[in-house]
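Remarks on the structure that follows.
The sequence lines fix the lettering, A, B, ..., with proteins before strands; numbering per chain opens at 1.
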Number of protein chains: 2
Amino acid sequence: MSSKKNQTRKKILQATWKMLEESNGQNTKMADIAKTAGISRQAMYLHFDSRIELMIATVKYVDEIKELNKRLELFNAAKTGVEMLNSLVEVWGNYIPEIYSIAKAMLLTKENDEATATAWMGCMSGLRSYCQQTIETIYKEKQLNHNWKIQEAVEILWTYISIHNWEQLTLECNWSNQKFIKNTQTLLHSILLT
Amino acid sequence: MSSKKNQTRKKILQATWKMLEESNGQNTKMADIAKTAGISRQAMYLHFDSRIELMIATVKYVDEIKELNKRLELFNAAKTGVEMLNSLVEVWGNYIPEIYSIAKAMLLTKENDEATATAWMGCMSGLRSYCQQTIETIYKEKQLNHNWKIQEAVEILWTYISIHNWEQLTLECNWSNQKFIKNTQTLLHSILLT
DNA sequence: TAATTACTTGACACTGTGTCAATTGAATGT
DNA sequence: ACATTCAATTGACACAGTGTCAAGTAATTA
């Protein structure tokens, strides 16, 4: 059928991702992406209505490839709340650097664009629900520090494993990714557990 | 002398700030600011070489008016490390909402502009050195949790009171500013102190 | 009265996004 | 083998926003 169209679409998505990776999420122009994909700038609009749609599509594309869900098997296998907490931080912490470029692009664009903001919220609400599950389990096991209501604990967890915090600690403070994961685990234990 | 020029400069800075406040840091065009300031778009360039220079000048202007330094008297008066920690979180936490719009504009621009990034780093290094002082004092008082090296503790503190975390917890999770301050204090205690 | 200063106006260059119409070239159906 | 369809190309253009330039004005100063 339109398998040729799909091929080109894929080429564009790959080119977009490549460009984002190379520029750390900034300054990726339609013309540049087109050049990398080996097509004309105008042809981009045969596949995506706008730059923003392309970005959102790229997020989905990368997300499929990176298979966060499969990685979360470790999380799903966890027996206790504390194990859930540890594997959530580990899986997510290892995921961030792989999607950082596209995530960064989204974070910058979402401020000026409603559609991007909505798409990004969708991605983040997935993470948030994992945080919710984790905290609820910890609570049921009577391990949750009495300082915190469940919802507050969820929000703290969600915030402290955010991409912005990862960015600041690894890129600005030069922490290794392992150090980020390890320290975040340790410190969430002190905060959240009895 | 050029007091008229200075007056206009001030009008521009005030207009910029006002526009940023109204748009939450986004979408402030030179033309809009000019209109608010009551001068022509082109005249803006008689006072500031570029949009980016204007933004940086506005940060300095707002900073002077808001007098962070005066507010830090509370911090400077602190006798113990723990007091320092509490007043740092309190003073800074009350400061953020007042400068949020212009800070947001800087955070968005710094990704694409070296001059903005440098200017922003300058602002943030001030905060960072307060974090450093605080942690060093806590360390000297033998109150620092043995899990952390001094530098790590500084970086955690600096990250956890960041504007991004404030943004996520207050604007996205609907925490009040007081709740942000109180919870951040509590949780930094659990993390950092013995 | 002449010169200087701050500002105005209109025009224009430049970049990047998005659209349009006319055209080419290859694959597909009959 | 012929016509149709589809993907892509090309060049042109509209639009927004930044930044520049030259010519002119109106008030201040010397």
Between residues 25-46 of chain B and DNA chain D, which residues have a heavy-atom gap below 4.0 Å? Lys29(B), Met30(B), Arg41(B), Gln42(B), Tyr45(B)
Closest approach of Asn147(B) to Asn145(B) (non-hydrogen atoms, all atoms of both residues): N-OD1, 2.8 Å
For atom CG of Asn112(B) and atom P of dT15(C), their distance in whole Å: 17 Å
NZ of Lys110(A): more than 12 outside heavy atoms within 6.0 angstrom? yes
Between Ser190(B) and Thr186(B), is there a donor-acceptor pair closer than 3.5 Å when you use the side chain of the first and the backbone of the second? yes
Greater than 12 external heavy atoms within 6.0 Å of Lys18(A)'s NZ: no
When the distance from CD1 of Ile52(A) to P of dG16(C) is rounded to whole Å, what number comes out? 16 Å
Going by side chain to side chain donor-acceptor pair (under 3.5 Å), name the pairs with one or both residues in residues 83-98 of chain A, residues two or more places apart or in two chains. Asp63(A)-Tyr95(A), Lys66(A)-Glu98(A), Arg71(A)-Glu98(A), Asn86(A)-His189(A), Asn94(A)-Asn177(A)
Rounded to whole angstrom units, what separation is found between the CZ atom of Phe48(A) and the C1' atom of dT19(C)? 18 Å
All N/O pairs under 3.5 Å across the protein-nucleotides 2-4 of chain C interface:
none

Mind calculating the distance between NZ (Lys5(B)) and C1' (dA27(D)) to the nearest angstrom? 16 Å
Output the rounded distance in Å from CG (Asn6(A)) to P (dA7(D)). 10 Å
Grab the CZ-P distance between Arg51(B) and dA16(D) for me, whole Å please. 17 Å
What integer distance in Å separates Asp49(B):CG from dT20(D):P? 7 Å
Please tabulate, for side-chain N and O atoms in residues 150-163 of chain B, each donor-acceptor pair with protein atoms closer than 3.5 Å (sequence neighbours left out).
unit_1    : atom_1 : unit_2    : atom_2 : d
Gln151(B) : OE1    : Gln132(B) : NE2    : 3.3
Glu152(B) : OE2    : Lys179(A) : NZ     : 3.3
Glu155(B) : OE1    : Trp175(A) : NE1    : 2.5
Glu155(B) : OE2    : Arg128(B) : NH2    : 3.4
Thr159(B) : OG1    : Glu155(B) : O      : 2.7
Ser162(B) : OG     : Thr159(B) : O      : 2.9
Ser162(B) : OG     : Asn165(B) : N      : 3.3

In whole Å, I'd like the distance from the CZ atom of Arg9(A) to the C1' atom of dC6(D). 17 Å
State which residues pass side-chain contact (heavy atoms from CB on, under 4.5 Å) with Ser50(B); sequence neighbours excluded, sorted by chain then number. Ile52(B), Glu53(B)
Side-chain donor-acceptor pair under 3.5 Å between Tyr100(B) and Glu21(B), yes or no? no
What pairs of donor and acceptor atoms, side-chain ones from residues 30-47 of chain A against any protein atom, are under 3.5 angstrom apart with sequence neighbours left out?
unit_1   : atom_1 : unit_2   : atom_2 : d
Thr36(A) : OG1    : Asp32(A) : O      : 3.1
Ser40(A) : OG     : Ala43(A) : N      : 3.3

